[in-house]
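Have a look at the structure below, then the notes.
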Amino acid sequence: MHNEIDLDQINIHSEPPAEEPARQYYFMAKCRERVKDFTLKHGRVPTSCVVNMGCQMNARDSEKLTGILEEIGYQKTESEEADFVLYNTCTVRENANNKVYGRLGCLNRYRRENPHMLIGLCGCMMQEPAVVEKIKQSYRFVNLIFGTHNLYKFAELLYTVFENTSGGAQKDGHSMTIDIWQDTDKIVEELPVERKYAFKSGVNIMFGCNNFCSYCIVPYVRGRERSRKPEDILQEVRKLAADGVTEVMLLGQNVNSYGKTLEEPYTFARLLRDVAEIDGIERIRFMTSHPKDLSDELIAVMAQSEKICRHLHLPLQSGSSRILSKMNRKYTKEQYLNLVEKVRAAIPDIAITTDIIVGFPGETEEDFKETMDVVCRVKYDSAFTFLYSRRTGTPAAAMENQVPEEIAKERFERLLCKVQQLASQKAMRLEGTVQKVLVEHVNEKVESLVTGRTDNNSVVHLPGDKSMIGKILDVYLKECKGFYYIGEAR
Ligand code: 5AD
Ligand code: SF4
């Protein structure tokens, strides 16, 4: 989606404006001059690559960063041999951090071959002081580090990098621009954002998280929960619809508590109803729900509206009430099961997916069996399963009885096996039915096929061509192949 502000109208020789987003457009205009200089000097447009390493929220942030780079004049590439590479990192599990260090080693090799190359790091992992310290010590070639709270200042920070480097190359080999904020309550609207697909888009409705689940680092790296104003969200969705978008995914760490922190409180159910009224929007998805906040009002709105997709991602985390209490999840096994029952009674064909952590401190075989029990009863359409990862600074990291890795891994394997077995049985239920499928892209492997999703998020491959992309078609699901269907347009 593009903004109405024309960079050519900005006087880059004046002082920068104090207010946002005008200040960022001023720096975008200044950066664009640098990109033009590069193009003249080297006879080519510089390339940029934003690598997304995290969740849907991170993916949306990456679209914002790419949107700004496009506005500045960079040419987007998927290759990490670009002139500017920006890693948008995740830190929810320790292995995500380790991957970044490994990949930085590779980038350094590319950088030696391209003296103009600039390297930036941002996202959740950068909110951890120990990480920034390590990068300062061991990865001195990195040019820019910023976090999750000042992402909107990207253009300004990039300009500082340009100032600290000469025409793209580093002046002294170790000038690093670092700007990490601890928190913010500011939400800057109207910045450019990349439109990856013509027909679907994510829309942030809130930022941060107040739940403090005891294993989770997110509240520390994404800050306190704050909601966008409903009128700003609806305005964005209206613009997207006018641009041809038919599917929106409303994004937040805990969408069910949307609006609680607004001056005039608003409910998520009400927001969904408002979005459903926008002409042109055919499908509405949302992520992520917390079982403790899922209201009857929301279930009723989902049941009534044709536009709200019949899919609910409802993280369980553990099936043991004892562990759930230690996790600070604020629901019991029974309450979770009752909730699922209530949702299914209101919306019988709904797909339910989940997240489960195995090996939380103190988890016994009995606790694990409770998790397996919930999995067998709910029969999830799919489940993301994770080995517990000890995150420094979270309450769980200091808990006694950390589960030995071999035991956790063995439980994880058992869980994964059960989840997959149940999910593939579950998938069979749509075989032989006609479903509405939004065609998303031409199949990567077979050119004569296109790939899309049903309302309840199942993947369908069907014969077709690129003219079908973005259309919602009636598709007969001929055959279930485990985790996807082969279909035929009706
Ligand atoms: N260890 C393992 N998994 C975790 N998650 C969050 N924190 C941790 C952790 N410390 C999982 C949760 C969450 C998902 C996004 O990541 O299941 O829902
Ligand atoms: Fe998303 Fe959490 Fe990872 Fe940040 S730490 S990218 S919020 S999953």
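Every number for a ligand or one of its atoms is a count from 1 in the order of the listing.
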Using a 4.0 Å cut-off to any heavy atom of V92, which atoms of ligand 1 qualify?
6 (C), 7 (N), 8 (C), 9 (C), 10 (N)

Do R238 and I278 come within less than 4.5 Å of each other through their side chains, counting heavy atoms only?
yes

When you measure from the centre of the six-membered ring of Y197, is the NZ or CZ of K200 under 6.0 Å away and within 45° of the axis?
yes

Looking at every heavy atom in both T371 and G319, which two are closest together, and how far apart are they?
OG1-N, 2.9 Å

May I ask you to list the atoms of ligand 1 that are less than 4.0 angstrom from any heavy atom of I357?
3 (N), 4 (C), 5 (N), 12 (C), 17 (O)

Have a look at ligand 1 and work out which part of V218, if any, has a heavy atom under 4.0 Å from it: side chain, backbone, both or neither.
neither

Would you please indicate if the ring centroids of F412 and F386 are separated by under 6.0 Å?
no

Have a look at ligand 1 and work out which part of R390, if any, has a heavy atom under 4.0 Å from it: side chain, backbone, both or neither.
neither

At a non-hydrogen distance cut-off of under 4.0 Å, which region of F386 contacts ligand 1 (side chain, backbone, both, or neither)?
side chain

Does an N or O anywhere in S389 fall below 3.5 Å from an N or O of ligand 1?
yes

When you check the side-chain N and O atoms of N443 and T451, is any donor under 3.5 Å from an acceptor?
yes

Under a 3.5 Å cutoff, is there a donor and acceptor pairing between the side chains of N456 and D381?
no

Would you please determine whether T288 falls within less than 4.0 Å of ligand 1 on a heavy-atom basis?
no

N/O separation below 3.5 Å, Y388 to ligand 1:
no

